[in-house]
Amino acid sequence: MLGFIFNEAMRDLRRAGRVGVSAILLIALSLTALGGFWLLSLNLGRAIAQWGDRVRVIVYLKDEPPAARLEELLQRIEAVGGVQRLRFVSKAEALRVLKRSLGSQADVAEQLPRNPLPASVEVTPDAAMATPEGTRALVSRLAALPEVEEVQGGSQWVDGLAQFRRLFQGVGLAVGAVLALAAILTVTTATTLVLHLRRDEMEIMRLVGATENVIRWPRLLQGMAQGLVASIVALATLELAYAVAVPRLEPLLPVTIGLERVAFLSPWQALALIGAGTMLGAMGGLLARGRAHA
Amino acid sequence: MIRLQHVSKVYGAGASRVVALNGITFSIAKGEFVVLNGASGAGKTTLLRMLYRADVPSEGDIEVAGFDVTELRRSEIPRLRRSIGIVFQDSKLLAGRTVFENVAFVLRVLGAPRREITPRTFAALKAVGLSARAQAYPNQLSQGEAQRASLARAIVKSPGLLLADEPTGNLDEDMAGEILGLVKDIWSRGTTVLFATHQARLVPLLKRRTLRLEHGRLVKDEG
């Protein structure tokens, strides 16, 4: 019986002809678009995660604490939570850093009547806090400490990148959804056309006592086969685009978004894409109408 | 095998109301050969359609091969139809398949074991004298051959009941005689037959119990 259903599905696929090929191409197009957005979003996510590791929060102090009270202050800062590492930067060290960064013009700093730079504590948020939301929360908790003059969070641009990624994912989903809908409609049309062609067969099948499952399964399998072929075409297209584009893009990445290399979809993600294509095809097959009269 | 109790069928309502069948009651025992005779539009096809549950009666009860057809659930219809072979005036052969494939199609659809399909198909083709034309396509067959292929398709699943809806309607006298002979052979092997025809000249040839329908009413049950 399974052999019969499979053979009928393949026979229907051949009968679908150009409409069947159009359905495959449309599903492939929608999956390529979805996969492309997914790939870019994936790499943006990696960049954001990487930059999250480098986020620092600088806590400027009103006064430099005496050495005897420094440990207690650091403990209180750590107690606000979400802190991975702390480093105290004294006024003197801050000035040394400034001079070093001024290089040959360091003597400008020498002429200052007194050290104007505040003492500070560099706070590295832990992994859970290294998100835009986490960093904002940490900054507001640190700013509430009485010894603190000002807190500068280093997550603004990461925040922007994350927003861009969300927007990007939204656009990707919208484009993918529109293309997926078009693909489902095309598969539905292809399957309905085949049903129209095989309405005599379906009538005979019903008259001789075939169950509805035997009549419907070839239709479902036809759609699934179209979706499967389309998803393999989409993956091959993405692989090809990756192979062509990555050697040109990778030299630019470290100086732009800080990534060393561009990742491709993992085997599981590729399988998910194939599954999505197969599901799209199955939906088209299920939506097809055209019951023969018997 | 078949039992109808006060069966009526009405299509439409009001001014467009048409009574296709009106209070039909009869029984056909297992192994009987019964002719259903009546002019075109008398209700023969409507009656046959209700027997294989392509239609439902407006009133009355129908029992076929142990199935209460009137109360049959949709999911049970395939089981009823597996016990019935049906032949139509139009052979309804599938154009893209050979005679062999048309007949074997039934067994494949019903999930018969693969090893049984070829011998059973050839046995059915042999029974209607069409073995030599097994590889022909429907457009290469004469009307008589097409109707014989249709008969082979109806009997290949070994049904207990054969419903023949005007199978000789499109055939000349010789070909009609051939088909009648084949149907009688099938009946002689134990299959119950209900043979619908508008051709009054066939009735005396068949010499069997005859039900006569006129304007949806059963007016005669004799023989």
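Just so it is clear: chains get the letters A, B, ... in the order the sequence lines come, proteins before strands, and each one is counted from 1.
- With a 6.0 Å radius and a threshold of 12 heavy atoms from other residues, nucleotides or ligands, M279(A) has its CE atom at or below the threshold.
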Item checked: Criterion side-chain contact (heavy atoms from CB on, under 4.5 Å) on R81(B) and V208(A), from CA distance to verdict -> CA-CA 6 Å; R81(B) 291 187 181 168; V208(A) 301; over 6 Å; no
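- In R248(A), the CZ atom is not crowded: 12 or fewer heavy atoms of neighbouring residues, nucleotides or ligands sit closer than 6.0 Å.
- Applying the 6.0 Å contact sphere to CD of E59(B) captures no more than 12 heavy atoms from other residues, nucleotides or ligands.
- A 4.5 Å side-chain heavy-atom check between R206(A) and I77(B) finds every atom pair outside the cut-off.
- Counting non-hydrogen atoms of other residues, nucleotides and ligands closer than 6.0 Å to CE of M283(A) gives a total of 12 or fewer.
- Atom CD of E201(A) sits about 14.0 Å away from atom NZ of K92(B), to the nearest 0.5 Å.
- Ionic pairing of R74(B) and E212(A) is not present here: no N-O contact between side-chain nitrogen and carboxylate oxygen is shorter than 4.0 angstrom.
- Once rounded to the nearest 0.5 Å, the distance linking CG of L94(B) with CG of D200(A) reads 6.5 Å.
- Within the model, atoms CZ of F88(B) and CD1 of I204(A) stand 7.0 Å from one another, a figure rounded to the nearest 0.5 Å.
- At least one side-chain heavy atom of R82(B) sits less than 4.5 Å from a side-chain heavy atom of T211(A).
- Atom CH2 of W217(A) has 12 or fewer heavy atoms from other residues, nucleotides or ligands within 6.0 Å.
- P78(B) and G209(A) get closest at one heavy-atom pair: CB-O, 3.2 Å.
- Across every non-hydrogen atom of V109(B) and M205(A), the tightest pair is CG2-CG, 3.7 Å.
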